[in-house]
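Position 1 is the first residue of the sequence; numbering continues from there. Basis for what follows: all heavy atoms, side chains included, without hydrogens, waters or symmetry-related copies.
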Amino acid sequence: MPDLARPVPLDETWRRIRPFLPALGVTRVSDITGLDTVGIPVATAYRPNSRSLAVSQGKGPTSQAAMVSAAMEAVEHAHAERIDASLRLVRTAELAEAVAPWRLPRTVDSGADEHTPVLWIDGRRVTDGTPVAVPYEAVSLDFTLPRGLVPLGLCRDSNGLAGGNTVREAVVHALCELVERDAAALWDLRPAGEQAATRIDVSTVDHGQALGLLERYAAARVEVALFDITSDVGVPAVLCHIVEADPDPFRPLPPAAGLGCHPDPGQALVRALAEAAQSRLITISGSRDDVTRAEYDRVADVEAAVELRDALRATETHARPWRSGGAGPQALDEALPWLLGRLAAVGLSDVVAVDLTRPEVGIPVVKVLVPGLEGASALTEAPVLPGPRAERMIADAGGAEDGEDGDV
């Protein structure tokens with residue numbers, strides 16, 4: 001099955017976006033694949049005057065795909081940092097159609113309520129185009145704004161921010177990312193035994209691109225552990241851990257992880273495998289401005305790498321065959337209604353998109369929100385509050401433990 005998120009050839013996408021990169025602050029896009037031993041293509045895009053991240057990464061099965069991915073991420077951030085749209089300052093209780101802030105991912109210091117005046121931006125419900133007010137704080141990535149303008153304590157990140165050749169493509173990409181992060185958040189709450197039971201037997205993987213990436217890891221003596229973290233939403237999602245087979249204290253290389261989500265299970269595998277390589281190169285390159293000193297220090301902790309390697313090896317006995325087939329959509333036009341249907345089936349039918357496209361640029365960029373999905377913020381140090389889905393999982397786990405205690 002082709003990658004549904006790419007309705008036009010990469011050459012055409014690059015031709016469309018390249019002329020606008022300087023105006024959006026991008027000074028260069030570089031292939032950094034050669035900094036690592038794995039060889040999975042990774043690229044970086046640099047925006048020195050950004051208002052959030054100055055360096056964006058991209059990955060893909062080819063160098064061109066990685067370059068386009070990095071450039072598009074930079075384009076997305078540039079749009080979310082400088083939003084030219086009308087805003088309203090009003091209380092949530094005074095709005096007829098609005099995304100309630102308390103239904104979005106929040107930090108523990110969140111002060112979201114019905115009576116605090118906050119800034120709102122206009123969005124539209126994806127299913128029917130109905131206008132819906134969205135908290136500006138959940139959309140903007142301008143971290144130079146005065147703190148008083150963003151008082152809700154929402155998770156301010158790029159989760160659900162996506163660009164594409166068309167608005168539909170951008171929305172599909174955003175929804176896959178939102179479902180992916182929700183699945184990862186819920187998987188993290190599962191007991192270690194249940195997590196191990198989701199291990200994928202890599203010997204059963206039959207997807208051509210995925211097999212090619214696995215061969216690159218094997219040639220570089222990097223061990224791969226894949227886990228099927230698909231949630232009740234039913235959109236295939238994969239977690240990939242990578243670690244050196246023989247960590248070398250004289251040349252420490254960082255363990256890393258990647259996530260992938262896509263209607264096609266094979267493409268979910270490819271995305272997770274490629275993102276793990278990207279995560280590793282983020283640390284190796286030292287270019288990313290949201291990686292802390294403590295994270296860099298951990299690279300030299302060879303004992304921790306050995307412990308992780310051994311812990312991952314211990315899950316191999318639980319590995320189960322990879323499910324290569326699926327009844328997902330076969331074309332991009334089918335992907336959006338399919339994704340919306342999967343979300344609606346678990347009670348998540350309120351999907352809202354804010355169109356951030358700049359007419360003078362013409363590259364479709366959207367920020368999509370699905371109230372009720374779990375999320376996590378990469379740009380805040382405050383812990384994230386569990387949302388309703390996580391709370392139910394925590395409550396169910398507590399009930400199960402109580403029942404087990406009663407049976408003993």
Side-chain angles (χ1 to χ4, degrees), residues 80 83 85 87-128 130-143 145-161 174-175 177-186 188-189 231-233 340 343-354 356 366-398:
I83 299 173
L87 305 178
R88 287 180 285 169
L89 182 65
V90 67
R91 294 168 175 81
T92 307
E94 299 171 343
L95 294 168
E97 288 281 352
V99 173
W102 50 89
R103 295 189 62 211
L104 297 172
R106 298 174 292 146
T107 62
V108 293
D109 57 359
S110 172
D113 59 44
E114 290 187 331
H115 307 294
T116 301
V118 295
L119 286 172
W120 299 84
I121 188 172
D122 290 335
R124 290 189 177 275
R125 193 163 283 118
V126 173
T127 51
D128 58 13
T130 302
V132 181
V134 174
Y136 182 67
E137 183 177 340
V139 179
S140 172
L141 289 182
D142 184 353
F143 286 89
L145 291 174
R147 186 175 295 274
L149 288 177
V150 286
L152 296 175
L154 301 182
C155 292
R156 302 184 64 205
D157 53 33
S158 60
N159 192 18
L161 176 67
L175 286 175
E177 184 174 62
L178 287 163
V179 171
E180 167 193 289
R181 304 295 171 81
D182 172 82
L186 296 180
D188 282 343
L189 293 173
S231 70
D232 57 338
V233 177
L340 294 173
L343 288 164
V346 294
L348 298 168
S349 57
D350 193 17
V351 179
V352 178
V354 179
L356 302 178
V366 298
K367 172 71 173 188
V368 177
L369 300 99
V370 182
L373 281 180
E374 300 298 318
S377 176
L379 299 179
T380 180
E381 296 179 358
V384 177
L385 289 170
R389 287 161 60 75
E391 287 177 341
R392 284 196 296 272
M393 179 172 283
I394 294 169
D396 291 345

Could you tell me whether a side-chain N or O of [X] sits under 3.5 Å from a main-chain N or O of [Y], the two making a donor and an acceptor?
X: Arg106; Y: Pro386; value: no
X: Asp182; Y: Leu373; value: no
X: Trp102; Y: Asp113; value: no
X: Lys367; Y: Gly123; value: no

Could you measure the distance from the CD atom of Glu180 to the OG atom of Ser231? Nearest 0.5 Å is fine. 11.0 Å

Spatial distance of atom CG (Leu145) from atom CD (Glu137) [nearest 0.5 Å]: 10.0 Å

Check the pair Asn159 / Leu178 against side-chain contact (heavy atoms from CB on, under 4.5 Å), numbers first and verdict last. CA-CA 6 Å; Asn159 192 18; Leu178 287 163; 3.8 Å; yes

Report yes if some heavy atom in the side chain of [X] is under 4.5 Å from a heavy atom in the side chain of [Y]; otherwise report no.
X: Leu356; Y: Ile83; value: yes
X: Val354; Y: Asp122; value: no
X: Pro135; Y: Val99; value: yes
X: Glu94; Y: Glu114; value: no
X: Thr130; Y: Arg124; value: no
X: Leu161; Y: Val368; value: no
X: Trp120; Y: Val90; value: yes
X: Pro105; Y: Leu154; value: no

Looking only at heavy atoms, what is the nearest atom pair of [X] and [Y], with distance?
X: Leu189; Y: Ala390; answer: CD1-CB, 3.6 Å
X: Ala138; Y: Leu369; answer: CB-CD2, 3.6 Å
X: Arg91; Y: His115; answer: NE-O, 3.0 Å
X: Arg88; Y: Leu95; answer: NH1-CD2, 3.7 Å
X: Ile121; Y: Ala85; answer: CD1-CB, 4.0 Å
X: Ser158; Y: Glu177; answer: O-OE1, 3.2 Å

Could you go through Cys155 and Thr107, starting from their C-alpha distance and side-chain angles, then the distance that decides it, and tell me whether this counts as side-chain contact (heavy atoms from CB on, under 4.5 Å)? CA-CA 6 Å; Cys155 292; Thr107 62; 4.3 Å; yes

Test Val370 against every option in Leu175, Leu104, Asp350 by the side chain to side chain contact (heavy atoms under 4.5 Å, CB included) rule and name the one that passes. Leu175

Between Asp232 and Arg389, does any side-chain N to carboxylate O distance fall below 4.0 Å? yes

